[in-house]
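Have a look at the structure below before the remarks.
When reading the values below, keep in mind they use all heavy atoms of this one structure, side chains included, and skip hydrogens, waters and symmetry mates. Residue numbering restarts at 1 for every chain, and letters A, B, ... go by the order of the sequence lines.
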Amino acid sequence: MLQIQTIRENPTEVIERLSIKNFDAKEIIHNILSLDTQIRQLKKQLDENLMEQGKIAKSIGLLYKEGKRAEADELKLKTAELKNSEKDIQAELSDKDGKINELMVLMPNMPHSSVPRGKSAADNEVVYEEGDASNFNYDALPHWDLVKKYDIIDFELGCKITGAGFPIYKGKGAKMQRALINFFLNSASENGYTEIQPPYMVNENSAYATGQLPDKEGQMYHANLDNFYLIPTAEVPVTNIYRDVILKSTDFPIQNCAYSACFRREAGSYGKDVRGLNRLHQFDKVEIVQIEHPDRSYETLENMKLYAMSLLQRLGLPFHVLRLCGGDMSFTSALTYDLEVYSKAQQKWLEVSSVSNFESFQANRLKLRFKDENGKMRLAHTLNGSALALPRVMAALLENNQTPDGIIVPEVLRPYTGFDIIN
RNA sequence: GGAGAGAUGGCCGAGUGGUCGAAGGCGCACGCCUGGAAAGUGUGUAAACGCCGAAAGCGUUUCAAGGGUUCGAAUCCCUUUCUCUCCGCCA
C-alpha cells in the first residue's frame, strides 16, 4: 500500500508514475484526497468531544468525593449529549475510513524510474543474455516425454492421487528434485542468507499483509475450517516474520532464504502453458528475501539478481534477464527482473525467477519500520526473489541435457544426486 | 478434545472502578564521578493519528483482539485468539 502522505504531498507525481503501469489514478486520487480531508476534520471533532468527556468524568469523580451528588448528576446529562454526537462522528468516521481504505488498496505500487512503458510481456527489456540458446538440430524430446521414458515423474499418477498439476516424482526424478533444493539452499547460505523453515499455511492477517488478500483470494487454496491459506510462495510467511516489527538501522541487511512447497490454484490457466512441468498447482521453490535500508535497496536488488543468475550459470543453462515493463509488472513491485531459461526442446523461454524491489509498499501494510540515523521512524524496504523455482529448471535441465545415452546431470548437482546420468 | 490458570511498556513485574501511559526493577541513552573503566549517581526512556510551515507544545487513542456495563475501565461482564499446567489422543 502506498502511504497516504505521499499521495497528499505529490498527487500529480503519483498519477504520472502510475501511468507507466497503465493505471489511471486521477479520479481515485481525487476521491482519496477529499476523503482524507473529511477524515481529518472528523478526527478533530472526535478528539475534542472525547477531551470534553474526559474532563467531565474527572470532575464528576471529584464532586462525588466532596459529596456533591446533585452537581454530579447534572454533569452526567451533559455527557449523554456528548456521547450521542460521539456516536454519530464515530459512525461517519468508520464509514469514510472504510471507503478510503478500499481505494488505497486499489492503488498499485509506483514503478521505479528505470521501468519502461509497455503493455505486455512483449515490451519487456532484455538486459542480459548468456549461453547457447540455439535449438537442437534433431528431434529433441520435450520433458513430458523424457520423464515417461525414464520413469522419473508421473503426471497421471498425480491426477489419481490429487488432480492435475500435482505430479509425483519418482526415483532419480525425486532425487534430482531434492538435489536442486539442497544445492539452492546451500548456495544461499554461502551467500549470507539465513535459512528459514516456514509454515506452509498462513492466517488471514499474513495473507493480507503481503498483499495476497484481498486481491488474489481466488489464487490461494483455503482451509475453510481453520481459515488458513496454503502459501503460494515462501515469501508470505518469511516476510510476515517482520510484521509489526521495528528494526534498528544496524540490523540491515536482513537476508533470509527458505525452501517451501508452493500452492497455487492458477484459475484461468489452460493449454500449452500448463503442459508438463510448465505450470503446476504444487511446486517447490527456494525463495530469498531481504529487508533493507531505503538508501541501499536498489544496490541490493542488483545483488539479488546477480545471485540468481549465478545459479543458472553454475547449472549451465542458457538464460536471459528481463527488466519488466510497466504493463507486465506485479501490482506490488517497483522494479522487477525476470530470469528465463531457454528450453531447447520446447523452443521457448521459461521463467524461473522473478526478483523484485517493493520499496516500502509491502512494509506499509506490514508495519515494518526502523529508526533511522536521526531517530525517526521510517518504513523499511522489502525485496524478494526466487532462487530458484524448481519445475522449469528441471524441465530445462532434462530437455537441454538429453543425449542418446540419457540425461546428463550437471557437475554441481552430482555431489547431491549421487549419480551423473539419468538413463 | 476435557478441566483449570493466565495475557500489562524492549524485558521482568505491581496494580481489582476515578488524578494510571501505568509503581518498582532490569535494559538502553545521555550526563556527573574516574587517568580509563567498573561500581556509584542524576536525568531521560513507546507508538499511531490529529492541530502546526517545521520544531516546541497541545489533544486523542493504545494494558492480547473485538464488543458491553459505567459519568469514568488495565481493573467488572461477554466473545475470540494465544500461552501455560493436568488429563486424553498422537508422529
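If you check the side chains of A:T332 and A:N109, you find no donor sitting under 3.5 Å from an acceptor. For the residue pair A:T233 and A:R264, no side-chain donor N or O sits within less than 3.5 Å of a side-chain acceptor on the partner.
A:L75 places its CG atom 12 Å from the P atom of B:C71, with the value rounded to the nearest Å. Here the P atom of nucleotide B:G66 and the CD atom of A:Q90 are 12 Å apart, to the nearest Å.
The side chain of A:K83 contributes an N or O atom lying less than 4.0 Å from OP1 or OP2 of B:G72. Between A:K44 and B:C49 there is no side-chain polar atom (N or O) within less than 4.0 angstrom of OP1 or OP2. OP1 and OP2 of B:C49 both lie 4.0 Å or more from every side-chain N or O belonging to A:R40. Distances shorter than 4.0 Å separate some side-chain N or O of A:R8 from OP1 or OP2 on B:G50.
The partner of B:G31 is B:U41, judged by Watson-Crick or G-U wobble contacts that both fall below 3.5 Å.
If A:K376 and A:Q5 are placed on RNA chain B by their nearest nucleotide, the residue sitting closer to the 5' end is A:Q5. Nearer to the 5' terminus of RNA chain B, by closest-nucleotide assignment, is the contact made by A:E52 (compared with the other of A:I56 and A:E52).
Distance from the side chain of A:M51 is smallest for B:G59 among the nucleotides B:A47, B:G50, B:G59.
Contact annotation for A:K55: no contact, since no heavy-atom pair falls under 4.0 Å across all strands. In this structure, A:L50 reaches the sugar-phosphate backbone alone: every heavy-atom distance under 4.0 Å involves primed, P, OP1 or OP2 atoms, never a base.
Judged by distance alone, the side chain of A:K78 and the main-chain N or O of A:Q53 form no donor-acceptor pair under 3.5 Å.
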